[in-house]
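As the structure lists them, so they are numbered: ligands from 1, and atoms in each ligand from 1.
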Amino acid sequence: MKRVALLYGGRSSEHAISCLSARSVLAVIDRERYEVLAVGITRDGRWTLTDGRIEAAAGELPVVPDDGPTVALVGTRRGPQLVQVDDAGPGTATTSLGHVDIAFPLLHGPWGEDGTVQGLLATVGVPYVGADVTASSIGIDKAAMKASFAARGLPQLGYLVVDRARWETAPAEVTAELEARLPTPWFVKPARQGSSIGISKVRGSGELPSAMAEAFDHDAVVIVEEGLEGARELEVGVLGHEVLEVTGVGEIVPSHEFYDFEAKYLDASELLIPADVPVAVAERIDTFAREAYRAIGCRGLARVDFFARRDGSVVVNEINTIPGFTPASMFPMLWAAQGLDYRALVDRLLGDAAR
Ligand SMILES: Nc1ncnc2c1ncn2[C@@H]1O[C@H](COP(=O)(O)OP(=O)(O)O)[C@@H](O)[C@H]1O
Ligand SMILES: [Mg+2]
């Protein structure tokens, strides 16, 4: 029996989404082979052992409850262990809760999908599901991600990276550079976020200052990108380490003008699987997805997202190293369409992590 620490919740704005993913994973983990330690990370960053029940009042999203014991993962003489920490006062005591064989960091966004938690897991020596430190931190950072895609010659939309210091000192110069280089509309995005948080669509330079302010609320680096109108949003799932497997293509039909936070989680947008695309487009996407996965040095899993123009040309939008993971999310649905159902997918990921 292997002991799996499922890490969920976390400090990012995607806390609740992670709880939803974790609830579904907890329901299907094979309890004959795995003993599960449900480790919630509160919004403040406290690690707490929960009973694995993830609940929310009607109409609300779940959160990690803050009333459980504090726990920590540490390297010990007997290998990586989960310990309970008495954090009531000074002179704290710890109690071992036993060894941990595998961790499943089911955390989206900063402090979870970005290599920080992966670094802790690597340091204490726990094998874990998904991308390593480097791939996670490149994958979360749209500036680093785009640079590594560009180095592989992957097609992308035009973009400019702007840091806060430059925007604050020379906004007119940045605006002029954007006007000269990128057709409108523009998408303004914090470099390291997720779930469309802090992203705005801007029709011209008049709307730029408020969009930049909004994006800089989330990160000190912002991407301004050429926006497409009427392009299709197509996605595939990838699994594997050296040998990669790629799903067929799925399509998102956003319920809003673009696939913003609400369209993602509150007003169900439509997912079409398989997407009705010409064979040539599907083949291009398959090739680019493998290249994108390798470009960041990914392992384990990722969802790679594309835009397809009406003329059949395809550009890579982004890679997500911990994609949305409820049974109704795109990544698990894509695998289900390949014959790998949700339970088998979780099994496969845990098995891959232990290798
Ligand atoms: N350049 C663009 N042109 C058109 N739509 C875009 C563009 N960039 C982003 N979007 C829309 O915004 C959504 C979120 O952007 P994305 O870059 O995927 O950020 P996140 O990492 O938050 O998911 C996309 O799913 C898409 O609907
Ligand atoms: Mg996205």
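- Aromatic pair Tyr342/Phe325: ring centres closer than 6.0 Å.
- Contacts between Glu318 and ligand 1 below 4.0 angstrom, taking non-hydrogen atoms only, involve the side chain exclusively.
- Here the N, O or S atom of Glu318 that is nearest to the Mg ion (ligand 2) is OE2.
- Between Phe307 and ligand 1 there is a heavy-atom distance shorter than 4.0 Å.
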Less than 3.5 Å apart, which donor and acceptor atoms pair up between the side chains of residues 128-135 and the rest of the protein, not counting sequence neighbours?
residue, atom, partner, partner atom, Å
Asp132, OD1, Thr134, N, 3.2
Asp132, OD1, Ala135, N, 2.9

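- Defined by atom type and a distance below 3.5 Å, a donor-acceptor pair is missing between the side-chain atoms of Thr42 and Arg46.
- Using a 4.5 Å cut-off on side-chain heavy atoms (C-beta onward), Arg31 and Val36 make contact.
- Through side-chain heavy atoms spaced under 4.5 Å, either directly or across other Ile, Leu, Val, Met, Phe, Trp or Tyr residues, Val188 is tied to Leu160, Val162, Trp167, Val174, Leu178, Leu182, Trp186, Val202, Leu208, Met212, Phe216, Val222, Val224.
- For ligand 1, the atoms closer than 4.0 angstrom to any heavy atom of Glu225 are 1 (N), 2 (C), 7 (C), 8 (N).
- The proximity of Ile199 to ligand 1, defined as any non-hydrogen pair under 4.0 Å, is limited to the side chain.
- With hydrogens and angles left out, the side-chain atoms of Gln338 and Thr247 include no donor and acceptor closer than 3.5 Å.
- For ligand 1, one of its N or O atoms has an N or O atom of Lys189 under 3.5 Å away.
- Residue-ligand proximity, Gly227 to ligand 1, at heavy-atom distances under 4.0 Å covers atoms 1 (N), 2 (C), 3 (N).
- Judged purely by distance below 3.5 Å, without hydrogens or angles, the side chains of Asp114 and Ser137 never pair a donor atom with an acceptor atom.
- Under the 3.5 Å distance criterion, with hydrogens and angles disregarded, a donor-acceptor pair is assigned to the side chains of Glu179 and Ser205.
- Polar contact with ligand 1: present for Glu233 (N/O pair, distance under 3.5 Å).
- Contact atoms of ligand 1 toward Lys142: 17 (O), 19 (O), 20 (P), 21 (O) (distance under 4.0 Å to a heavy atom of the residue).
- Ligand 1 does not have Gln193 within reach: every non-hydrogen atom of the residue lies 4.0 Å or more from it.
- The side chain of Asn317, and not its backbone, has at least one atom closer than 4.0 Å to an atom of ligand 1 (non-hydrogen atoms only; side chain from C-beta on).
- A donor atom on one side chain and an acceptor atom on the other are found under 3.5 Å apart for Thr326 and Ser329.
- At least one N or O atom of Leu228 sits closer than 3.5 Å to an N or O atom of ligand 1.
- The distance from ligand 1 to the heavy atoms of Glu226 drops below 4.0 Å at these ligand atoms: 1 (N), 2 (C).
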